[in-house]
Amino acid sequence: MTNVSPQNGPLRHFLQFRDLSRGEIDYVLRRAGVIKDKFKRYAPHLTLHDRTLAMVFEKASTRTRVSFEAGMYQLGGSVIHLTTNDSQLGRSEPIEDTARVVSRMVDLVMIRTFEQTRIERFASHSRVPVINGLTNEFHPCQILADIFTFIEHRGAIQGKTVAWIGDANNMSYTWVQAAELLGFRLHVSTPPGYELDATRVGGVSEDVLRQFADPREACAGAHLVTTDVWTSMGYEDENEERRKAFADWCVDAELMQLAAPDALFMHCLPAHRGEEVTGEVIDGPQSVVWDEAENRMHVQKSLMEFLLLGQQD
């Protein structure tokens, strides 16, 4: 039997950024603005009344859990929170079986896990939409929030330049997909040995993606400078080695001065001041990291509504 959404359309998942079309991303971002405006005015927006979200965490989380849980409650729904410690996922139940069972009891599933193949296996056996809350390969909800935040502060991101400084990780690969889809330029600068995998980005046009050995060249003229911790979850054993390799990839005032005069700074958090970013930058006037963090909730509310109900008037 082919799975369908509650609106009798094809079942949709959001496992990576390009799972939605440009038009659908534009809609989700516009709708997030409407939903955020109502939130700020304390106006009820209960479009997912009586719907249930299951959140599955195989990686630790602060912002993902709070943003999805608070967002679903604000939409009128309810939330079930699962981890490997309190479910059969931690007892070697095949993830396909978990998907078959959980998706019969809830309306939507968010998963924060390790390999992308794991969330893809779950989604292929789910009867309801599945959202990627983070995998080793992609972090699409965070980039949705980042782009929404840029639009709030500076208008359309099309034609602009985003500079990614640091690791070739799930964030940077998702930025690549977003740049291709939405029509902006991405400058990436990573230390030697930590470059983007050519097999994953080999087909991306140089008009979209340029890689720089020098972070100063990557930041030159950029409208947004963004970074992440040097050691992502799962790579803690490499921490000291990475600290040495990334020492020249700290986003400081000098790098920000090379960017456009009105450039913004973003970081998906948590941040390590004095490592990937200085306190002067992350706590300075160009930083929008707190808006960025809050906006996870608003874009995810819009995304959940879209996956369950389709586009709304």
Side-chain angles (χ1 to χ4, degrees), residues 17 63 139-140 142-180 182-192 194-196 201 204 206-232 242-243 245-296:
F17 199 87
R63 280 152 293 278
H139 199 359
Q142 182 64 58
I143 301 304
L144 266 182
D146 293 0
I147 292 170
F148 179 75
T149 305
F150 185 91
I151 293 170
E152 275 192 319
H153 286 268
R154 295 290 184 265
I157 198 168
Q158 286 81 4
K160 299 298 196 302
T161 298
V162 174
W164 174 266
I165 307 301
D167 196 10
N169 63 5
N170 51 10
M171 287 285 291
S172 55
Y173 285 110
T174 308
W175 273 116
V176 172
Q177 289 193 354
E180 279 194 293
L182 299 181
F184 59 88
R185 292 177 295 276
L186 180 65
H187 290 181
V188 173
S189 182
T190 62
Y194 295 91
E195 298 90 351
L196 294 169
V201 300
V204 181
E206 287 192 2
D207 294 333
V208 172
L209 171 65
R210 292 189 64 193
Q211 299 188 62
F212 297 84
D214 188 338
R216 293 171 296 183
E217 293 181 9
C219 288
H223 303 93
L224 168 61
V225 178
T226 183
T227 189
D228 194 2
V229 295
W230 290 339
T231 306
S232 299
R242 284 171 172 262
R243 283 169 64 98
F246 283 77
D248 293 332
W249 275 260
C250 174
V251 179
D252 55 16
E254 178 187 353
L255 282 186
M256 291 303 299
Q257 287 170 3
L258 295 170
D262 64 344
L264 299 175
F265 172 78
M266 293 189 194
H267 190 306
C268 62
L269 304 177
H272 298 156
R273 289 167 176 80
E275 291 188 11
E276 73 275 4
V277 61
T278 62
E280 180 183 11
V281 170
I282 194 171
D283 299 315
Q286 291 174 281
S287 173
V288 290
V289 298
W290 315 119
D291 290 342
E292 178 189 5
E294 176 190 337
N295 284 336
R296 279 286 299 278

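Considering all non-hydrogen atoms of both residues, L264 and M256 come closest at O-CE, 4.0 Å. In this structure, D228 and C268 approach most closely via the heavy-atom pair OD1-SG, 3.4 Å. Residue L255 comes nearest to C219 through the heavy atom pair O-CB, 3.8 Å, listed as atom of the first residue, atom of the second, then distance. Residues Y173 and E195 share a closest heavy-atom pair of OH-O, 4.4 Å. Here the closest non-hydrogen pair linking W230 and A247 is CH2-CA, 4.1 Å. Nearest approach of W290 to D283, heavy atoms of both residues: CZ2-OD1, 4.3 Å.
Residues E280 and D252 have side chains not in contact (no heavy-atom distance under 4.5 Å, counting atoms from C-beta outward). Annotation: side chain of V277 is not in contact with side chain of I165 (no heavy-atom distance under 4.5 Å). Looking at heavy atoms from C-beta onward, F17 lies in side-chain contact with L182 at the 4.5 angstrom threshold. You'll find the side chain of S172 stays beyond 4.5 Å of the side chain of D167, heavy atoms only. Residues R185 and R210 fail the side-chain proximity criterion, which asks for heavy atoms closer than 4.5 Å. Side-chain atoms of D291 and H153, non-hydrogen and from C-beta on, do get closer than 4.5 Å to each other. Side chains of W249 and Y194 form no contact here, defined as non-hydrogen atoms less than 4.5 Å apart. No side-chain heavy atom of L224 sits less than 4.5 Å from a side-chain heavy atom of W164.
Under a 3.5 Å cut-off, the side chain of D146 and the backbone N or O of T149 do not form any donor-acceptor pair. Of the possible polar contacts, none joining the T227 side chain to the G166 backbone as a donor-acceptor pair under 3.5 Å is found. Under a 3.5 Å cut-off, the side chain of E292 and the backbone N or O of H267 do form a donor-acceptor pair. Side-chain N or O atoms of E276 include one that pairs as donor or acceptor with a backbone N or O of H272 at under 3.5 Å. Judged purely by atom type and a 3.5 angstrom limit, H187 has no side-chain atom pairing as donor or acceptor with the backbone of A163.
Q286 CD to F265 CZ: the interatomic distance, rounded to the nearest 0.5 Å, is 10.0 Å. One finds the CG atom of D262 at 6.5 Å from the NE2 atom of H223 (value rounded to the nearest 0.5 Å). Atom-to-atom distance recorded for L269:CG and I282:CD1 is 5.5 Å, nearest 0.5 angstrom. Rounded to the nearest 0.5 angstrom, R216 CZ and E254 CD are separated by 6.5 Å. Remark: Q177 CD to L186 CG distance equals 11.5 Å, nearest 0.5 Å.
Other residues, nucleotides and ligands contribute at most 12 non-hydrogen atoms within 6.0 Å of the CD atom of E206. Around atom CZ of R154, more than 12 heavy atoms belonging to other residues, nucleotides or ligands sit under 6.0 Å away.
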Give the intermediate values and the outcome of side-chain contact (heavy atoms from CB on, under 4.5 Å) for residues F150 and K160. CA-CA 10 Å; F150 185 91; K160 299 298 196 302; 4.0 Å; yes
If you apply the rule side-chain contact (heavy atoms from CB on, under 4.5 Å), what do you find for I157 with V162, and how did you get there? CA-CA 9 Å; I157 198 168; V162 174; 4.1 Å; yes
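A side-chain N or O of E152 and one of N295 form a donor-acceptor pair less than 3.5 Å apart.
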